[in-house]
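Taking it in order: structure first as structure tokens, then the write-up.
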Amino acid sequence: MRLIKPKKKSAAENVLPLINVVFLLLIFFMLAGALEKAELLDITPPETSNSGQPDDTTAVLLIAADGRLSFRDEILEREDVVGHLKSYFAEHPDARLKLKADAQSDAAMVIALIEELRAVGLKELGLLATGAS
């Protein structure tokens, strides 16, 4: 009785399924990679030496370097911001506000806006900044 020896598989045949799986995983993670919703305005907050993380609040007011303002995916005029926030906090009395201003934005405008919000009755305001490296 004569036994037939099986043909040896080449190394390329063993690696091909692995390459297919790696490319499928790569495509999956590229498509599912947008886990965080993009912000309406491009903001680069100033750096801070404080390492504390901001706690989770419900409202974020964005201030761009050119002075544009955005709240809840809507661009607002400077005159309308206080009224818009006042009506939002009337509906959500326990909500807190995070203020995310660009590092190049006008500090006097940011301070004036904070003063207006304080005059309206906003009790808590968080300023967002990035950690220094």
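For this chain, numbers begin at 1 and follow the sequence in order. Atoms considered below: every heavy atom in the structure, side chains included; atoms not considered: hydrogens, waters and symmetry mates.
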Original post:
Are I63 and I111 co-members of a hydrophobic cluster defined by side-chain heavy atoms under 4.5 Å apart?
Top reply: no
**OP:** Starting from the C-alpha separation in whole Å, work towards a yes-or-no answer on side-chain contact (heavy atoms from CB on, under 4.5 Å) for L113 and L61.
**Re:** CA-CA 11 Å; L113 181 62; L61 177 64; 3.6 Å; yes
Original post:
Is the count of non-hydrogen atoms from other residues, nucleotides or ligands lying under 6.0 Å from Q104 atom CD greater than 12?
Top reply: no
Original post:
Taking atom CG of L85 and atom CG of L76, what is their separation to the nearest 0.5 Å?
Top reply: 7.5 Å
**OP:** Report, as yes or no, whether the 6.0 Å neighbourhood of atom CD on E77 holds more than 12 heavy atoms from other residues, nucleotides or ligands.
**Re:** no
Subject >> Pairwise side-chain contact, K5 with L3, heavy-atom cut-off 4.5 Å (strictly under) >> reply: no
Original post:
Does the side chain of F71 reach to within under 4.5 Å of the side chain of L97, using non-hydrogen atoms?
Top reply: yes
**OP:** With the side chain counted from C-beta on, respond yes when L127 and I114 share a heavy-atom pair under 4.5 Å apart, and no when they do not.
**Re:** yes
Subject >> Nearest non-hydrogen partners of V110 and S105, listed with the distance >> reply: CG2-OG, 3.9 Å
Original post:
V15 and F23: same hydrophobic cluster, using ILVMFWY side-chain contacts below 4.5 Å?
Top reply: yes
Original post:
Can you name the nearest heavy-atom pair linking M109 to G67, along with the distance?
Top reply: CE-CA, 4.0 Å
**OP:** To the nearest 0.5 angstrom, please state how far the CG atom of L99 sits from the CG atom of L69.
**Re:** 9.0 Å
Original post:
Between L62 and R68, is any pair of side-chain heavy atoms under 4.5 Å apart?
Top reply: no
Original post:
Does atom CZ of R78 have more than 12 heavy-atom neighbours, drawn from other residues, nucleotides or ligands, at distances under 6.0 Å?
Top reply: yes
Subject >> In one Ile/Leu/Val/Met/Phe/Trp/Tyr side-chain cluster, 4.5 Å: L31, V22 >> reply: no
